[in-house]
Amino acid sequence: MNDKTKEGLEKSSNFIKEIVELDLENGKHGGKVHTRFPPEPNGYLHIGHAKAICIDFGIAKDYQGQCNLRFDDTNPIQEDIEYVESIQEDIKWLGFDWEDRMYYASDYFEKLYAYAVELIKMGKAYVDDLTPEEIREYRGEIKVPGKNSPYRDRSVEENLDLFERMRAGEFEDGSKTLRSKIDMSSGNMNMRDPIIYRIKRAHHHRTGDKWCIYPMYDFTHCLSDMLEGITHSLCTLEFEDHRPLYDWYLDNLKTPCHPQQIEFARLNVTYTLTSKRKLQKLVNDGIVAGWDDPRMPTISGLRRRGFTSGSIKDFCDRVGVAKAASVVDIALLNFCLREELNKTANRVMVVLDPLKVVIDNYPEDKVEWFDAENNPEDENGGTRKVPFTKEFYIEREDFREEANRKYFRMKLGHEVRIKHAYYVKAESVVKDDAGNIMEVHCTYDPASRGGWTDDGRKVKGTLHWVSAAHAVPAEVRLYDNLFTEENPGKSDKEISEILNPNSVEVIEALAEPSLKELKPETSVQFLRKGYFITDRYDHSAEKLVFNRTVGLRDSFAKKVK
RNA sequence: UGGGCUGUAGUAUAAUGGUAGUACAGCGGGUUCUGGUUCCGUAUGUGGGGGUUCGACUCCUCCCAGCCCAACCA
């Protein structure tokens, strides 16, 4: 990022900052800023959460405040310890720190119960015996008011007794609920006597079997925020309709502080899904290998694909914060990554589709080791040695028997540079019976040693290559979008219909020998082929496995027709 | 009986009554031992109609379009 851009981003404000700054000016919330990131541990974090994390932690940091991590674990059947661990790992990897403030909504179960009792005592909550089906019927429809439950007017004493017995486990799952007494005719469906507690005998990953009743999100969230002294409770747009309820609980319970809920648009990215539920389905259906499959938009998937935390944060900054529903082009994410990797990733030579080249006038057994620059963008990047021999491989697409002037790779009778080595001229080809080119025979100019001459000769094309005698087998995996629809989350079609059948392509390639030294999870740029990350070493096949992180921007592809 | 929200280049986001700016994507070109990088240049925008005003993306009004809400999910 250049300084001008950076300055622009730092200066850019958004509506959340404006609210916070106004509150600070007015001394609201005691002049403090305290936010929270509140995931439900029911799946892995994805790129959409990255935006929320950047906003939640970012706002706190910008105003010298704090941000808590809180697991919103009120629905035990969805949740699992695996997810609470991965969530922590991913937030840390992104570079954010909740310090000693990691909480669970389940920490507050006892307090929440007491608040519910409080509501009952005020006559603002009642135990309802309606079945789930009946509750739905009584709720009415969007344009039709609901009607009161026949149990709505039970006495405080009866409600207190019933609620206590709900907790004690005297009633069947689903047979009773505790509901807020608000307004069954409200235009806002959330205000039509929303449920506070349901009976659900499920093992909770933290509280075990202690509870058989669990509080609902709306009741839990505002009170958890309040208990933690949160000042600004940032969430996504779909909770706008919940804000009146958020405020209702806090107002009626006369809590010592009242956090402000502020909503922003959730992140959508072209060709990707940002819905935990749908990602869960991809995992369950075996469409991907797991939550960290390199094609997944999860933080762990992106990490394995080779995305850096810096590029993800940069992306979130550039996407901005607003209330208009939007779909951001995946090209921006890729740009952020390339911008970083261009500066940091060493260049290496790997041939993905080999074509043999023989230098007829080069000695049979000679090996020359040339110094190759690791990264032209990094002065301190150093060099490595690459071996040059009579026979080597180039990219099959880098040779044509005949081509126009616009094609400046290898063609018969023309000189090209073999990067770091020599100028060579293609003289003839060897074909098989079917007419396929098997070998290209060339001559080299000894005076061009090192890939340069002093006579001012112009050589436009420079090719990457790998010595035939030293080539190291490598498996490279090229990834593409998982979906063919630009906005798969909004598509009317079934997931199976919009899956990209070519989302991963596995290629056996040949690499320069220095790659044998590469450690796992190192990002490199394969010259002209994009950025790759070492995934692992396959010992049984004695080869390296690479994931392609992102391709190079290749505006030339159209021109080289 | 419906309620809530949102509309600024292709995309995303600034401009709070005073020159519509930035980034990505696009297009054209220079440099380059990567057709990468980099540098220079360039086209494209305030959903629509009225109104207020010297002046409107901004204020008023009507219309249009899109998104969210009817789990004992979050």
Side-chain angles (χ1 to χ4, degrees), chain A residues 1 4-5 8-9 11-14 18 38-40 42 72-75 77-78 128 130-132 135-136 139-146 173-179 185-192 195-200 213-214 216-218 220-221 235-244 263 265 270 276-277 315 318-329 331-336 338-339 342-343 347 349 372-373 376-377 406-409 417-421 450-452 459-464 490 525-530 552-560:
Chain A
M1 189 189 314
K4 201 169 131 197
T5 309
L9 284 176
K11 274 200 292 191
S12 80
S13 68
N14 60 55
E18 282 173 22
E40 183 188 13
N42 67 341
D72 223 334
D73 55 350
T74 58
N75 185 10
I77 59 171
Q78 302 274 358
D128 197 352
L130 255 28
T131 64
I135 285 183
R136 195 183 316 129
R139 187 156 36 222
E141 287 172 39
I142 275 177
K143 295 183 182 181
V144 181
D173 282 14
S175 63
K176 283 183 167 44
T177 54
L178 182 72
R179 300 180 69 179
S185 66
S186 171
N188 182 346
M189 299 300 282
N190 295 119
M191 301 299 270
R192 319 245 262 225
I195 291 167
I196 302 175
Y197 270 91
R198 74 278 212 186
I199 304 173
K200 187 179 283 191
I213 58 172
Y214 290 96
M216 300 292 288
Y217 163 84
D218 287 297
T220 307
H221 204 89
C235 63
T236 45
L237 245 31
E238 63 266 32
F239 292 101
E240 279 178 315
D241 287 346
H242 294 244
R243 184 165 10 101
E263 311 86 8
T270 56
K276 242 193 264 180
R277 208 191 90 246
F315 173 71
R318 286 168 182 269
V319 158
V321 184
K323 297 192 76 161
S326 60
V327 184
V328 178
D329 195 334
L332 181 61
L333 213 209
N334 291 335
F335 165 82
C336 292
R338 283 194 206 102
E339 188 178 48
N342 177 51
K343 296 194 189 89
R347 274 59 170 169
M349 296 197 288
E373 184 181 37
E377 302 300 315
K406 296 262 187 172
Y407 183 84
F408 47 81
R409 280 116 96 157
R417 175 186 294 114
I418 300 304
K419 193 171 171 77
H420 308 301
W452 191 253
V459 175
K460 183 90 167 152
T462 299
L463 307 185
H464 62 279
K490 279 278 170 286
Q525 184 195 96
F526 288 6
L527 282 172
R528 283 224 342 262
K529 293 295 162 188
L552 256 24
R553 199 170 50 165
D554 54 355
S555 51
F556 74 92
K558 285 165 265 167
K559 300 176 195 166
V560 189

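A, B, ... follow the sequence lines: proteins, then strands. Residue 1 opens every chain.
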Open item on the list: Using a 4.0 Å heavy-atom cut-off, does A:His242 contact any base of the nucleic acid, only the sugar-phosphate backbone, or nothing at all?
Closed with: base
TODO: Rounded to the nearest angstrom, tell me the gap between atom CD in A:Glu373 and atom C1' in B:U32.
DONE: 11 Å
TODO: Indicate, with a heavy-atom threshold strictly under 4.0 Å, whether A:Val459 touches base, sugar-phosphate, or nothing.
DONE: nothing
- [ ] Assign A:Pro39 to base, sugar-phosphate, or nothing according to its heavy-atom contacts below 4.0 angstrom with the strands shown.
- [x] nothing
Open item on the list: Rounding to an integer number of angstrom, what distance separates B:C68 and B:G55 when you compare their C1' atoms?
Closed with: 38 Å
Open item on the list: Using only atom types and a distance under 3.5 Å, with no angle test, would you say the side chain of A:Asn188 pairs donor to acceptor with the backbone of A:Asp241?
Closed with: yes
Open item on the list: Counting only side-chain nitrogens and oxygens, does A:Arg318 get under 4.0 Å of the OP1 or OP2 atom of B:U11?
Closed with: no
Task: Main-chain N/O of A:Ser186 paired with A:Arg192 side-chain donor or acceptor, under 3.5 Å - done: yes
- [ ] Could you check whether A:Ile135 gets within reach of a base, just the sugar-phosphate, or nothing at all, counting any heavy atom under 4.0 Å?
- [x] base
TODO: Classify the side chain of A:Gln525 and the base of B:U34 as holding, or not holding, a donor-acceptor pair under 3.5 Å.
DONE: yes
Open item on the list: Let's see if you can work this out: which of B:A70, B:U1, B:A74 has an atom nearest to the side-chain heavy atoms of A:Ser185?
Closed with: B:U1
Open item on the list: Check the phosphate of B:U31 against A:Lys460, side-chain N and O only, distance under 4.0 Å to OP1 or OP2. Yes or no?
Closed with: no
Open item on the list: Under 4.0 Å, counting only non-hydrogen atoms across every strand here, what does A:Phe335 touch: a base, just sugar-phosphate, or nothing?
Closed with: sugar-phosphate
Task: Separation between the C1' atoms of B:U52 and B:G17, rounded to whole Å - done: 11 Å
Task: Spacing of CZ belonging to A:Arg338 relative to CG belonging to A:Leu333, to within rounding of 0.5 Å - done: 10.5 Å
Task: C1' spacing across the pair B:G49 / B:C27, given as an integer number of angstrom - done: 35 Å
Open item on the list: Regarding A:Ser326, tell me which of base, sugar-phosphate or nothing describes its non-hydrogen contacts under 4.0 Å with the strands shown.
Closed with: sugar-phosphate
TODO: Would you classify A:Leu178 as touching base, sugar-phosphate or nothing, given that sugar-phosphate means primed atoms plus P, OP1 and OP2, and contacts are heavy atoms under 4.0 Å?
DONE: nothing
Task: Rounded distance in Å between the P positions of B:U31 and B:C40 - done: 15 Å
Task: A:Glu240/A:Lys323 ion pair, N-O < 4.0 Å - done: yes
Open item on the list: Taking any heavy-atom pair under 4.0 Å as a contact, classify A:Phe239: base, sugar-phosphate, or nothing.
Closed with: base
TODO: Have a look at A:Glu377 and say if it touches a base, only the backbone sugar-phosphate, or nothing, with a 4.0 Å heavy-atom cut-off.
DONE: base
TODO: Identify which nucleotide among B:G7, B:U34, B:A15 has an atom closest to any side-chain atom of A:Ser13, counting heavy atoms from C-beta outward.
DONE: B:A15
Task: Gap separating the CG atom of A:Leu552 from the CG atom of A:Leu527, nearest 0.5 angstrom - done: 8.5 Å
Open item on the list: Using a heavy-atom cut-off of 4.0 Å across all strands, would you classify A:Met191 as base, sugar-phosphate, or nothing?
Closed with: nothing
Task: Separation of the P atoms in B:U42 and B:U61, to the nearest angstrom - done: 42 Å
Open item on the list: So A:Tyr197, base contact, sugar-phosphate only, or nothing? Heavy-atom distance under 4.0 Å.
Closed with: nothing
Task: Any donor-acceptor N/O pair under 3.5 Å between B:U34 base and A:Thr462 side chain - done: no
TODO: For the residue pair A:Lys200 and A:Asn75, establish whether any side-chain heavy-atom pair is separated by less than 4.5 Å.
DONE: yes
Open item on the list: At 4.0 Å (heavy atoms only), tell me whether A:Leu332 reaches a base, stays on the sugar-phosphate, or touches nothing.
Closed with: sugar-phosphate
Task: Gap in Å between the two P atoms, one belonging to B:A14 and one to B:A23, rounded - done: 15 Å
Open item on the list: I want to confirm an ordering. Mapping A:Glu18 and A:Ala322 to their closest nucleotides on RNA chain B, which one lands closer to the 5' end?
Closed with: A:Ala322
Open item on the list: Does a side-chain N or O of A:Arg198 approach OP1 or OP2 of B:A74 to a distance below 4.0 Å, or not?
Closed with: yes
TODO: For A:Gly320 and for A:Glu240, locate the closest nucleotide of RNA chain B by heavy-atom distance; then report the residue assigned to the nucleotide nearer the 5' terminus.
DONE: A:Glu240
Open item on the list: Quick check: any donor-acceptor pair below 3.5 Å linking the side-chain of A:Asn188 to the base of B:G4?
Closed with: no
Open item on the list: Whole angstroms only, please: what is the CG-C1' distance between A:Asp241 and B:A74?
Closed with: 15 Å
Task: Sugar-phosphate only, base, or nothing, as touched by A:Lys323 at under 4.0 Å among non-hydrogen atoms - done: sugar-phosphate
